[in-house]
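The first residue of the sequence shown is numbered 1, and numbering continues consecutively from there. When a ligand or atom number is given, it counts from 1 through the structure's own listing order. Only a predicted model underlies this, so the values are computations on that prediction, with no experimental measurement involved.
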Amino acid sequence: MTHLLHIDSSARGEGSASRRLSAEYVQAWKTHNPHGTVTYRDLAVDTPNFVTPGWITGVFGPADAANADTQAALEGSERLIREIEAADVLVLGVPMYNFGVPATFKAWIDQVVMAGRTFAFGENGPEGLLKGKKAIVLRASGSDFDNPAFAPMDFHAPYIRGVLSWIGITDVEIIAVNGFTPEQLDAAVREAGNAIAASVDAAPLAA
Ligand SMILES: Cc1cc2nc3c(=O)[nH]c(=O)nc-3n(C[C@H](O)[C@H](O)[C@H](O)COP(=O)(O)O)c2cc1C
């Protein structure tokens with residue numbers, strides 16, 4: 001059965017364009033995949049821990065320094081990693097904050113990018129271990145980063161593509177809207193409906 005992991009990270013509730021887009025995507029996906037299942041995680045409400053000394057020791061050793069703290073830190077990561085492992089499709093609502101991703105989303109990334117667990121260094125160099133998944137990123141920003149005047153400051157899309165591919169998720173689609181006023185964002189969200197429908201239609205049907 002196909003499983004979808006839906007994650008939001010906007011600090012806003014009502015009025016968040018990335019939340020509206022991700023909800024619309026998941027709704028369309030459910031219609032397309034009536035037997036598909038969904039796990040939801042709101043990083044603004046349920047914010048992952050930051051990396052701690054215990055986490056670093058737990059991941060990088062030494063093994064004889066492991067204790068209850070390192071164990072607890074790794075269990076937090078393990079929960080989030082298993083959510084990704086269980087998913088065929090990741091739908092990520094990620095606004096742009098200061099040209100990058102929200103700190104809550106970065107905290108999630110820091111918990112799930114783990115040496116020896118989600119990536120490894122093999123004979124052919126680095127290898128992502130979470131293979132065979134697709135990620136769709138629903139992004140909202142104020143400025144239009146297709147505009148060459150702003151494009152060099154877009155550290156959001158390249159970062160997400162880079163870090164997801166590092167852990168093996170190389171199939172990443174970004175659907176972006178932009179606008180400074182609620183009216184502009186509304187119009188952009190409405191326009192993105194076509195891209196969402198096309199993306200969902202292109203996805204394989206759930207078994
Ligand atoms: C803390 C913060 C930082 C932001 N930084 C940027 C930025 O660097 N570039 C940009 O174009 N918009 C920026 N914005 C605007 C947001 O990307 C925009 O309001 C977007 O709609 C937020 O997503 P949301 O509607 O899902 O909450 C920022 C907004 C906030 C609250």
Side-chain angles (χ1 to χ4, degrees), residues 4-32 38-51 80 83-84 87 89-113 133-167 169 171-200 202-203:
L4 182 152
L5 174 60
H6 176 191
I7 290 183
D8 276 324
S9 58
S10 171
R12 299 201 288 176
E14 289 276 317
S16 158
S18 61
R19 284 178 187 273
R20 280 172 59 194
L21 291 169
S22 70
E24 185 178 332
Y25 196 103
V26 172
Q27 196 48 53
W29 186 87
K30 280 185 183 162
T31 305
H32 192 70
V38 176
T39 296
Y40 180 64
R41 180 169 286 281
D42 188 341
L43 299 179
V45 173
D46 195 2
T47 305
N49 291 332
F50 292 160
V51 167
L80 299 177
E83 279 183 357
I84 304 175
V89 183
L90 282 73
V91 173
L92 308 172
V94 192
M96 175 181 280
Y97 285 175
N98 298 311
F99 308 105
V101 299
T104 52
F105 189 81
K106 178 61 164 57
W108 179 76
I109 290 286
D110 286 344
Q111 292 294 326
V112 301
V113 178
K133 302 177 191 303
K134 178 179 172 79
I136 301 96
V137 178
L138 290 313
R139 140 169 158 171
S141 61
S143 302
D144 175 5
F145 285 84
D146 287 336
N147 179 337
F150 294 101
M153 289 302 284
D154 184 357
F155 300 101
H156 178 285
Y159 173 69
I160 293 182
R161 283 189 193 285
V163 77
L164 289 182
S165 109
W166 183 257
I167 58 174
I169 306 171
D171 185 356
V172 179
E173 179 180 4
I174 298 184
I175 298 175
V177 299
N178 66 275
F180 286 104
T181 65
E183 294 73 23
Q184 287 170 341
L185 275 176
D186 266 357
V189 167
R190 274 197 307 276
E191 261 179 51
N194 289 338
I196 288 174
S199 172
V200 169

Would you indicate whether the side-chain heavy atoms of I169 and I84 approach each other to under 4.5 Å? yes
Around atom CZ of F50, are there more than 12 heavy atoms from other residues, nucleotides or ligands closer than 6.0 Å? no
Looking only at protein heavy atoms, what sits closest to atom 19 (O) of ligand 1 is R12 NH2, 4.2 Å
Task: Side chains of F105 and S10 in contact at under 4.5 Å (non-hydrogen atoms) - done: no
So for L185 against ligand 1, with non-hydrogen atoms under 4.0 Å, the contacting part is side chain
protein heavy-atom neighbour closest to atom 8 (O) of ligand 1 works out as F99 N, 2.8 Å
Next on the checklist: Quick check: do L138 and E24 have side-chain heavy atoms less than 4.5 Å from each other?
Outcome noted: no
Any heavy-atom pair between the side chains of I136 and W29 that's under 4.5 Å? no
re atom 12 (N) of ligand 1, the protein heavy-atom contact at minimum distance is G142 N, 3.1 Å
Among Y97, F150, F145, closest by heavy atom to atom 30 (C) of ligand 1 is Y97
So for A17 against ligand 1, with non-hydrogen atoms under 4.0 Å, the contacting part is both
for atom 22 (C) of ligand 1, nearest protein heavy atom and its distance come out as P95 CB, 3.6 Å
When distances are taken from atom 17 (O) of ligand 1, the protein heavy atom at minimum range is M96 O, 2.7 Å
Residue, atom and distance of the protein heavy atom nearest atom 11 (O) of ligand 1 read S143 N, 2.8 Å
Looking only at heavy atoms, the pair that brings V177 and A192 closest together is CG1-CB, 3.8 Å
closest protein heavy atom to atom 27 (O) of ligand 1 is S10 OG, 2.7 Å
The protein heavy atom nearest to atom 5 (N) of ligand 1 is N98 N, 2.7 Å
_What I'd like to find out is whether the side chain of P48 reaches to under 4.5 Å of the side chain of L80, using heavy atoms alone._
yes
Checklist entry - Is there a nitrogen or oxygen of R19 sitting under 3.5 Å from a nitrogen or oxygen of ligand 1? => result no
Residue pair L4 / K30, side-chain heavy-atom distance below 4.5 Å = no
